[in-house]
Number of protein chains: 2
Amino acid sequence: MPNATIRDVAREAQVSVASVSRALNGHERVRPELRARVQEAAARLGYVPHAGARSLSLARTSAIGVVLPDLHGEFFSELLRGMDREVAAQKLALLLTVLQDGRGLNTLAALRGQVDGLVVMAPQLGAAELRAQLPAGLPAVFLNCAPGLAGAALRVDNAAGAAAMVEHLVAAGARAIAHVAGPVGNVDAEERRAGAVAAAARAGVALTVIQGDFNEASGAAAAVQVARGEIQADALFAANDAMAIGALVALKGHGVAVPAQVRVAGFDDIPLARLVTPALTTMRVDIAALGARAVQLLARRIVAPAEGLVEVGPADAEAIVPRLVVRDTTTETDRERQS
Amino acid sequence: MPNATIRDVAREAQVSVASVSRALNGHERVRPELRARVQEAAARLGYVPHAGARSLSLARTSAIGVVLPDLHGEFFSELLRGMDREVAAQKLALLLTVLQDGRGLNTLAALRGQVDGLVVMAPQLGAAELRAQLPAGLPAVFLNCAPGLAGAALRVDNAAGAAAMVEHLVAAGARAIAHVAGPVGNVDAEERRAGAVAAAARAGVALTVIQGDFNEASGAAAAVQVARGEIQADALFAANDAMAIGALVALKGHGVAVPAQVRVAGFDDIPLARLVTPALTTMRVDIAALGARAVQLLARRIVAPAEGLVEVGPADAEAIVPRLVVRDTTTETDRERQS
DNA sequence: GTCGTTGATGTAACCGTTTACACGTAACAA
DNA sequence: TTGTTACGTGTAAACGGTTACATCAACGAC
């Protein structure tokens, strides 16, 4: 007998199943004496309600699905940490699905009946493609997705962040910037590039785009071009920290002084950024807050229909603006020689 | 009409619900013509089976629960990545639960009926405490947990890893090793110390244990003792990379050549390890593999009862052996001066 | 023509909850 | 006394699937 059911408890407490359900769910109209008897019986049998059955009956699973691309490292864990924080507060559970390239196409639809809503991050999928895969009628919040989907949209304002960084570099004395872009087709990468290009144009400084792929090696490769003088630049702005760190190491290897000769900047503020020498200037995105906010928005959409105050639609779209974190790779300070 | 049910499909295809179920689940005894008609109807209505209902009927959810402590960074994401890889292969879903300090006590029991099994990592909980919270009769796999629980146990073989490192240091010419241990009470730290001590005894080299606390500062302090000659050693083996890096910096500061005068080694292979100069020799634990293996073991336990070949019990306990990653702090090479 | 056999399909019970509704009882007003 | 009301509790019908069993038609053997 693996587990007791509500009927076992009813028999044990000599009441009906309805009373057991009411007693355990804290209904009003239950005599205290009976409630106590039921609770006692439940405890005696080690009864735990069967979540699946309950969700079938309530048409509510108390779980939300998270659909993510194949992420690495800090970003992934911070996002989940933020989501979990909020999910716990709302007494929900998290069902995680990673969208690998091959599989995962019908995977999304299969979530019907298993979750009450979806937080989707699929920067590589088009709106139409995505819409086709989503189970109809499930509330959803989209993170950095193609625009125009039926649900709340939450994004990182990459363009504004990149622009802020370019402005900072210019203020720090840069006159020719090399931007190491992320992989083509990646929305974040595109937005950062566009923001950087626009800001450079506004500031009247030269900006050369070098193609990268978000990995360290490509940052290093770009740095080598700069070090050899193949590309004229007194600042190297990478679209993420991994590439910036790769570049930093490569520049050091080629005897280029940072930030004296070339300023270096990244994006994301991964933990490693403040540990490298010199410490990396970068844009910090509060990933945990992003995750928490996504869950919050979703939770609101889930209860909303019940409340009658639906007002859904793609109305609410929000953007998280990254914050500039100035460290040693862009400003000459007396801390330069230390640590 | 948010979503079609099996009855809608039955009506649309002019057959019974049983036939729909059989047709869609690939049963044998279904006339091809009827199967086609059902599939067509299902497609027309955009029917997707309701996971909750199905799991209630089948007594199988196709989901497994993952219970983790409040982890940060790389470890967390790598573990989940490994689990997801295996979970996808087994056509399961992942339900994530983070065990924060306060909450999460009844959280575990609430998973009944929502998952088919559990992967639990709760290094801070005692066996009894844990057992009390787990839903009875749920297959479970424990990661680095207290021993003696009913389920498979999977751990990192810290002792073997430490021993391997000591052997490597000896092979690299070390004759007197200083081991900077982690905080007392920490299981990983204890195991690493024990493994190092034993291996040194076997190899017939001296080994001095210096108490540390897993932070950089304690590594640096230990290094100072070695540099000053207060402790005789030609190799410094720290129980984690943070302390090793602290030691590395301190040795450099005291003009001690690494690895010529003192070899340095760490444990964990954090991302920073290959970025410091000289690059740190360390032990790499394949976290993703650990996660994948846990899911694999659990999946086996889940199907086993159905197969009749139960053979459960705490029988299978496995250990993942870390891999030695040799870099520049233990071997003099021509790469020494570079990067 | 009858009977058994076989294979495809339908009927209905079941999984474990929740809850609308029915019902019985007691308190109270007339 | 007799309605009315309010309240506590039980009965049974959902929720959306799966599947044991019943049913039925077609077929071949006698």
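What's counted below: heavy atoms across the whole structure, side chains too, no hydrogens, waters or symmetry copies. Since we're looking at a predicted model, the values are computed, not measured. So that the names make sense, note that chain A is the first sequence line, chain B the second, and so on, each numbered from 1.
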Subject >> Nucleotide of D/dT9, D/dT18, C/dC15 approaching A/Leu34 most closely (side-chain heavy atoms) >> reply: D/dT9
Original post:
Using a cut-off of 4.0 Å on non-hydrogen atoms, how would the nucleic acid contact of A/Arg112 be classed: base, sugar-phosphate, or nothing?
Top reply: sugar-phosphate
Subject >> Nearest-Å distance for atom pair CD1/P, residues A/Ile6 and C/dT17 >> reply: 6 Å
Original post:
Okay, side chain of B/Asn25, backbone of B/His27: is any donor-acceptor separation there less than 3.5 Å?
Top reply: no
**OP:** Kindly say whether A/Thr5 contributes a backbone atom to a donor-acceptor pair with the side chain of A/Asp8 at under 3.5 angstrom?
**Re:** yes
Original post:
Distance-only, no hydrogens or angles: does the A/Ser57 side chain make a donor-acceptor pair with backbone N or O of A/Arg54 under 3.5 Å?
Top reply: no
**OP:** Please determine if a side-chain N or O atom of A/Ser16 lies less than 4.0 Å away from the OP1 or OP2 oxygen of D/dG10.
**Re:** yes
Original post:
Within this structure, what is the CD-to-C1' distance between A/Glu33 and D/dT9, rounded to whole angstrom?
Top reply: 13 Å
Original post:
Between atom NE2 in B/His50 and atom P in D/dA14, what is the gap in whole Å?
Top reply: 17 Å
Subject >> Nucleotide nearest B/Val17 when distance is taken to its side chain, options C/dT11, C/dG16, D/dG17 >> reply: C/dT11
Original post:
In whole angstroms, how far is the C1' atom of C/dG16 from the CD atom of B/Gln114?
Top reply: 14 Å
Original post:
Taking only side-chain nitrogens and oxygens of A/Ser19, does any of them come within less than 4.0 Å of OP1 or OP2 of D/dG10?
Top reply: yes
**OP:** Answer yes or no: side-chain N or O of A/Ser57 and base N or O of C/dT17 forming a donor-acceptor pair under 3.5 Å.
**Re:** yes
Original post:
Taking for each residue the nucleotide of DNA chain C with the nearest heavy atom, is it A/Val20 or B/Ala18 whose nucleotide lies nearer the 5' end?
Top reply: B/Ala18
Original post:
Does the A/Glu190 side chain pair with the main chain of A/Gly185, one donor and one acceptor, at a distance under 3.5 Å?
Top reply: yes
Subject >> Shortest side-chain distance from A/Arg22, nucleotide among C/dC15, C/dT19, C/dG16 >> reply: C/dT19
**OP:** Establish whether the base of C/dG16 is bridged to the side chain of A/Thr5 by a donor-acceptor pair shorter than 3.5 Å.
**Re:** no
Original post:
What nucleic acid atoms does A/Leu56 come within less than 4.0 Å of, heavy atoms only: base, sugar-phosphate, or nothing?
Top reply: base
**OP:** For the pair A/Asp116 (side chain) and A/Ser62 (backbone), establish whether a donor and an acceptor sit closer than 3.5 Å, ignoring hydrogens and angles.
**Re:** yes
Subject >> Atom pair distance, as rounded to whole Å: CG in A/Asn25 and C1' in C/dT19 >> reply: 11 Å
Original post:
Less than 3.5 Å between a donor and an acceptor, one on the side chain of B/Arg54 and one on the base of D/dG16, is that the case here?
Top reply: no
Subject >> Any donor-acceptor pair under 3.5 Å from A/Arg35 side chain to A/Ala23 backbone >> reply: yes
**OP:** Could you check which of C/dT19, D/dG16, D/dG8 has an atom nearest any side-chain atom of A/His27?
**Re:** C/dT19
**OP:** Nearest whole angstrom, please: distance from the P of D/dG10 to the CZ of A/Arg11.
**Re:** 14 Å
**OP:** Please state how far atom CZ in A/Arg37 lies from atom P in D/dG10, giving the value in whole angstrom units.
**Re:** 8 Å
Original post:
So which nucleotide from C/dT18, C/dT17, D/dG17 ends up closest to the side chain of A/Arg7?
Top reply: C/dT17
Subject >> Any A/Ser21 side-chain nitrogen or oxygen under 4.0 Å from OP1 or OP2 of C/dT18 >> reply: yes
Original post:
Please give, in whole Å, the distance from C/dA8 P to B/Arg29 CZ?
Top reply: 6 Å
